[in-house]
There are 2 protein chains.
Amino acid sequence: MNKPTESELEILKVLWTKGASTVREVNEILNEAREVGYTTTLKIMQLMAQKGLVNRDESTRTHVYTAAVAQNNVQNHMLDQLLESAFGGSASELVMNALGRSKASQKELDEIKALIQKLESDE
Amino acid sequence: MNKPTESELEILKVLWTKGASTVREVNEILNEAREVGYTTTLKIMQLMAQKGLVNRDESTRTHVYTAAVAQNNVQNHMLDQLLESAFGGSASELVMNALGRSKASQKELDEIKALIQKLESDE
DNA sequence: AGGTTTCTACGAAAATCTTCGTATTAATTT
DNA sequence: AAATTAATACGAAGATTTTCGTAGAAACCT
């Protein structure tokens with residue numbers, strides 16, 4: 001997979017959350033966080049379509065975009081990269097850091113505990 | 001803190017691992033992974049010194065560099081960013097992903113369990 | 001139909017990051 | 001001391017990413 005740039009990731013986030021969207025819709029959401037010109041967003045989404053990061057439905061004049069890569073894939077990909085680039089490959093160190101500074105709920109902690117148990121039983 | 005670029009991060013990794021180093025030493029280590037010109041490494045390290053990412057001891061002709069930012073700070077910073085940019089702020093989701101694909105040892109799992117217990121008792 | 005708005009396409013400027021060539025100076029060797 | 005080696009400084013070219021202006025086509029409104 002082609003690693004998305006930061007701007008591309010912002011757009012993917014919108015598509016993952018909102019589902020199929022037009023450029024205008026995406027641009028409006030981006031503008032809640034920071035000012036971005038319409039044609040800027042358009043251009044990036046066009047490039048993303050070329051790269052295969054999004055699909056584009058051109059059957060209507062106003063094109064409709066959807067994410068072409070799963071959120072999970074991108075997450076894993078970026079996680080791997082962060083792991084290598086900043087944590088020297090030590091996943092547990094990464095996990096400890098993330099857990100330590102998170103505000104995980106009891107329910108989430110339970111889920112994590114369950115996963116650990118599963119990992120332990122698999123050995 | 002100024003977020004380090006990818007090249008800068010590579011260099012920081014060397015300084016964190018090896019401690020105080022000259023440009024040549026850093027460059028040689030980088031070249032184990034990929035070809036990088038000496039002046040390229042020099043230039044980036046000079047820029048890093050300007051940005052305050054590294055300290056430079058100029059008391060000898062061959063300058064000696066050390067990391068000016070703690071590995072932990074950078075890790076946390078990048079984690080935060082990944083959390084926001086790709087995981088929608090859900091730390092537990094990030095943790096689950098990282099754990100799921102890691103080859104964490106029993107010892108590491110125990111450490112994580114201990115941390116969870118601590119988090120639970122603090123509530 | 002004519003004018004206005006709303007799209008897409010395209011190209012190029014701007015910004016950031018990476019790479020390296022060249023100049024200069026300092027140390028080392030012969 | 002001259003030649004070679006090794007270091008820093010500097011500037012500029014390349015590469016990638018982001019930004020936006022402008023043109024042209026399609027839809028909409030009077």
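Sequence lines set the chain letters: A, B, ... in the order given, protein chains first and strands last, and positions in each chain run from 1. Below, each value reflects all heavy atoms present in this structure, side chains not excepted, and no hydrogens, waters or symmetry copies.
- Contact annotation: A:T62 does not reach the phosphate of C:dC7 (side-chain N/O to OP1 or OP2, under 4.0 Å).
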Close N or O pairs between protein and nucleotides 26-30 of chain C (under 3.5 Å):
residue : atom : partner : partner atom : Å
C:dA26  : N3   : B:R61   : NH2          : 3.4

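- Regarding B:L47, its CG atom lies at a distance of 15 Å from the P atom of C:dC20, rounded to whole Å.
- Among the heavy atoms of the strands lying under 4.0 Å from A:T40 is at least one base atom, whether or not backbone atoms are also near.
- Counting only residues at least two apart or on different chains, the salt bridge (charged side-chain N to carboxylate O under 4.0 Å, His left out) pairs with a member in residues 28-44 of chain A are A:E10-A:R34.
- Shown here for B:N27 and B:G37, the closest heavy-atom pair between the two residues is ND2-O, 3.4 Å.
- Scanning for side chain to side chain contact (heavy atoms under 4.5 Å, CB included) contacts around A:R61 gives an empty result, with sequence neighbours left out.
- For B:R56, the side-chain hydrogen bond (donor to acceptor under 3.5 Å, both in side chains) partners are B:E58, B:Y65, not counting sequence neighbours.
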Donor-acceptor contacts under 3.5 Å from residues 66-74 of chain A side chains, at least two apart:
residue : atom : partner : partner atom : Å
A:Q71   : NE2  : B:A86   : O            : 3.4

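- D:dT8 atom P lies 15 Å from atom CD1 of B:I44, rounded to whole Å.
- Using a 4.5 Å heavy-atom threshold, the side chains of B:D110 and A:E120 count as touching.
- Atom C1' of nucleotide D:dT17 and atom CE of A:M48 are separated by 13 Å, given to the nearest angstrom.
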All N/O donor-acceptor pairs, side-chain side in residues 91-99 of chain A, below 3.5 Å, sequence neighbours left out:
residue : atom : partner : partner atom : Å
A:S92   : OG   : B:E108  : OE2          : 2.9
A:E93   : OE2  : B:Q75   : NE2          : 3.4
A:N97   : ND2  : A:E93   : O            : 3.2

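- Atom CD in B:E28 sits about 11 Å away from atom P in D:dA6, given to the nearest Å.
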The contact string for nucleotides 9-16 of chain D, one letter per nucleotide 5' to 3', using protein heavy atoms under 4.0 Å with B, S and - for base, sugar-phosphate only and none, comes out as BBB-----

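- By the side chain to side chain contact (heavy atoms under 4.5 Å, CB included) test, A:T40 is found to be paired with A:V36, A:I44, residues two or more places apart in sequence or in another chain being considered.
- One can place CE of B:M45 at 14 Å from P of C:dT18, the figure rounded to the nearest angstrom.
- Applying the side chain to side chain contact (heavy atoms under 4.5 Å, CB included) test to A:E6 and every residue at least two apart in sequence or in another chain returns B:K3, B:Q81.
- Neither OP1 nor OP2 of C:dT19 sits under 4.0 Å from any side-chain N or O of B:Y38.
- Residues from residues 8-24 of chain A placing a heavy atom under 4.0 Å of any atom in DNA chain C, listed by number, are A:R24.
- With sequence neighbours excluded, no residue forms a side-chain hydrogen bond (donor to acceptor under 3.5 Å, both in side chains) with A:K18.
- Residues forming a side chain to side chain contact (heavy atoms under 4.5 Å, CB included) with B:D57 (at least two apart in sequence, or on another chain): B:S59, B:V64.
- For the pair B:N27 CG and C:dC20 P, the computed distance is 10 Å after rounding to whole Å.
- Atom pair B:E25:CD and D:dA6:P shows a separation of 14 Å (rounding to whole Å applied).
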